[in-house]
Amino acid sequence: VNMPNVTEIGIAAFGDCINLQVFQAEKLEVGGAYAFSVISEQNTYGGAPFATIYAPNLREIGEYAFYYCYNLQEMDLTNVEKMGEGALAYNMNLTTVIMGENTHEIPRYCFYYCFGLENINLQYVKVIGEGSFYGVVIPEHLELTNVEKIGYQAFAVGSDESTGEAFENYLVSINAP
């Protein structure tokens, strides 16, 4: 999908579009709640939308906007100022998130069960919400230089929902002066 002039996408606009692989919208600034999510129970494990999302001007991401887009491997959030609860939850193959200087809050459940997440810059973040990184295998060291508040179970290890086995956590140190 290429939408060069679209600036806003509404609630569930591309919800359950499990065959879409590439989305481009250079002028997109707002992605509404559930905008790209897999929301129907029958599609939760059967489909895998969006391997690539290109929206360089995205400023706001609604609640659960990219929920279960588990082909997504990288997300550039350089210009994002606001994210809704669970914005990128259950993206198991998401490995890299690029965050900019205007992202000061990671909301509740934002990266919930994104257990493939290896690279994320939290340099400018001040608030990490409840369960934000629940079920994420955190790397050995985190730099939380500007963090003022960390919510309940923000970095809890979690477990594999199908087997019940606890994930391994490699976190050794946190720098939060």
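What you see is a predicted model; the values in this text were computed from it and never measured.
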Between OG1 on residue Thr145 and NZ on residue Lys126, distance to nearest 0.5 Å: 11.0 Å

Stepwise side-chain contact (heavy atoms from CB on, under 4.5 Å) test for Ile150 and Phe155: CA-CA 9 Å; Ile150 298 175; Phe155 295 101; 4.2 Å; yes

Test applied, ring-ring contact (aromatic ring centres under 6.0 Å, His included); reference residue, Tyr134; option that passes from Tyr112, Tyr152, Phe111: Tyr112

Value rounded to 0.5 Å, distance of CG in Asn93 from CG in Leu117: 11.5 Å

hydrophobic_cluster_shared for Val6 and Val30, side chain cutoff 4.5 Å: no

Rounded distance (nearest 0.5 Å) linking atom CG of Leu88 with atom SG of Cys110: 5.0 Å

Straight-line distance of Glu29 CD to Ile61 CD1, nearest 0.5 Å: 13.0 Å

Val1 side chain near Val22 side chain, heavy-atom distance below 4.5 Å: no

From CD (Glu105) to CD1 (Ile128), nearest 0.5 Å: 10.5 Å

Closest heavy-atom pair and its distance - Met83, Leu77: SD-CD1, 3.9 Å

Inter-residue atom distance Tyr124.OH - Thr103.OG1, 0.5 Å rounding: 10.5 Å

Partner of Tyr109 under side chain to side chain donor-acceptor pair (under 3.5 Å), chosen from Glu130, Glu85, Glu63, Gln153: Glu130

Residue pair Ile9 / Leu28, side-chain heavy-atom distance below 4.5 Å: yes

Side-chain (Asn79) to main-chain (Pro56) donor-acceptor, under 3.5 angstrom: yes

For Met99 against Ile120, the heavy-atom pair lying closest together: SD-CD1, 4.0 Å

Asn91 versus Cys69, closest heavy-atom pair with distance: OD1-O, 2.6 Å

By side chain to side chain contact (heavy atoms under 4.5 Å, CB included) - contacts of Glu74 (at least two apart): Thr96, Ile98

Mutual orientation of the aromatic rings belonging to Phe23 and Phe36 [parallel < 30°, tilted 30-60°, perpendicular > 60°]: perpendicular

From Phe66, Tyr68, Tyr67, residue fulfilling ring-ring contact (aromatic ring centres under 6.0 Å, His included) relative to Tyr64: Tyr67

Flag side-chain contact, heavy atom, 4.5 Å: Thr52 against Gln21: no

Over all atoms of both residues, closest heavy-atom pair of Gly84 and Pro107: O-CG, 3.3 Å

Glu26 to Asn57 - nearest heavy-atom pair and separation: O-ND2, 2.5 Å

Side chain proximity check, Val127 to Val147, heavy atoms < 4.5 angstrom: no

Nearest atoms (heavy-atom pairs only) where Leu144 meets Leu122: CD2-CD1, 3.6 Å

Partners passing salt bridge (charged side-chain N to carboxylate O under 4.0 Å, His left out) against Glu60 (at least two apart in sequence or in another chain): none

4.5 Å side-chain heavy-atom contact, Val136 and Tyr113: no

4.5 Å side-chain heavy-atom contact, Asn19 and Cys17: no

With sequence neighbours excluded, residues passing side chain to side chain contact (heavy atoms under 4.5 Å, CB included) with Asn5: Lys27

